[in-house]
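On a predicted model such as this, the values are computed, not experimentally measured, just so you know.
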Amino acid sequence: MSWQTYVDSNLVGSGKIVKAAIVGQAGGIWASSPGYSLSPEEQKALIDGFASPDKVQASGIRLAGQKFFTLSANDRSIYGKKGGDGVIIVKTKQAILVGEYAAPIQHPEAAPIVEGLADYLINVGY
């Protein structure tokens, strides 16, 4: 399966995620929703955020030009919120999954989609 298929079918295709991307831990976008662009600085901040969750917790995270308030951050997941919308970011062995959801979808509906794909990718070596 291609990386784009994971974005289109597993994340956005779930109906719970409106925009998604898969970022390589070495940098670079592996796949993304149409029009969803993360700058090189935003990609680096994502990668660095897992090394320093306290910094992300204090300053938030910026994705596609939008700033999200950080709800929680650890070495596996970063959860953010912006108004009624939010983001689930999960690190696998080689990639970082980004899934944005929009109201009326809530965090408990969106998190299992991104976390579940991350678990699958970890189990197959990614």
Pair Q66, K82 - check side chain to side chain donor-acceptor pair (under 3.5 Å), show working. CA-CA 8 Å; Q66 301 295 313; K82 183 180 90 98; 3.0 Å; yes
With rounding to the nearest 0.5 angstrom, report the CD1 to CD distance, I89 to E115. 11.0 Å
I'd like to know whether S72 forms a side chain to side chain donor-acceptor pair (under 3.5 Å) with Q57, so could you lay out the CA-CA distance, the side-chain angles of the two residues, the decisive distance to 0.1 Å, and finally the verdict. CA-CA 6 Å; S72 67; Q57 186 74 47; 5.8 Å; no
Does V18 reach the side chain of V12, with side-chain heavy atoms less than 4.5 Å apart? no
Short side-chain to backbone donor-acceptor contact, Q43 and L38, under 3.5 Å: yes
Donor-acceptor under 3.5 Å (S33 side chain, Y36 main chain): no
Are the side chain of E42 and the backbone of G65 linked by a donor-acceptor contact shorter than 3.5 Å? yes
Find out if a path of hydrophobic residues (ILVMFWY) with successive side-chain heavy-atom gaps under 4.5 Å connects V114 to L46. no
Nearest-0.5 Å distance, CG of residue L97 to CG of residue N10: 10.0 Å
Does atom NZ of K81 have more than 12 heavy-atom neighbours, drawn from other residues, nucleotides or ligands, at distances under 6.0 Å? yes
Please determine whether residues I105 and V98 belong to a single hydrophobic cluster, defined as Ile, Leu, Val, Met, Phe, Trp and Tyr linked transitively by side-chain heavy-atom distances below 4.5 Å. no
Please round to the nearest 0.5 Å and tell me the distance separating atom CG of L63 and atom OG of S37. 11.0 Å
CD1 (I17) and CG (D8) are apart, to the nearest 0.5 Å, by 13.5 Å
Are W3 and L121 close enough, and set up right, to give a side-chain contact (heavy atoms from CB on, under 4.5 Å), and what steps lead you there? CA-CA 11 Å; W3 295 111; L121 291 174; 4.0 Å; yes
Any donor-acceptor N/O pair, S52 side chain to G49 backbone, under 3.5 Å: no
With a 4.5 Å heavy-atom cut-off, do V90 and I96 have their side chains touching? no
Are F50 and I61 connected into the same hydrophobic cluster when the rule is that any two of I, L, V, M, F, W, Y join if their side-chain heavy atoms are below 4.5 Å apart? yes
If you define the side chain from C-beta out and look only at heavy atoms, does anything of Y6 sit under 4.5 Å from Y120? yes
Before giving the answer on side-chain contact (heavy atoms from CB on, under 4.5 Å), spell out for R62 and K67 the whole-Å C-alpha distance, their side-chain angles and the decisive distance to 0.1 Å. CA-CA 4 Å; R62 187 170 291 277; K67 184 161 184 176; 3.8 Å; yes
Given 3.5 Å as the limit, does a donor-acceptor pair link the side chain of T92 with the main chain of I122, or not? no
With no hydrogens and no angle check, do the side chains of Y101 and Q106 hold a donor and an acceptor under 3.5 Å apart? no
Just how far is it from atom NZ of K16 to atom CD1 of I113, taken to the nearest 0.5 Å? 7.0 Å
Just so I know, are the side chains of I78 and V87 near enough to count as touching, which here means a heavy-atom distance under 4.5 Å? no
Please answer whether the main-chain N or O of G125 pairs with a side-chain N or O of Q94 as donor and acceptor at a distance below 3.5 Å. yes
Could you go step by step and tell me if D85 and K19 meet the salt bridge (charged side-chain N to carboxylate O under 4.0 Å, His left out) rule? CA-CA 11 Å; D85 305 338; K19 296 182 239 177; over 6 Å; no
Co-membership, hydrophobic cluster, residues I88 and I22, 4.5 Å side-chain: yes
Parallel, tilted or perpendicular for W30 and Y126, by the 30°/60° rule? perpendicular
What are the two closest heavy atoms between L11 and A20, and how far apart are they? CD1-CB, 3.7 Å
Find the distance between CG (L71) and NE2 (H107) and round it off to the nearest 0.5 Å. 7.0 Å
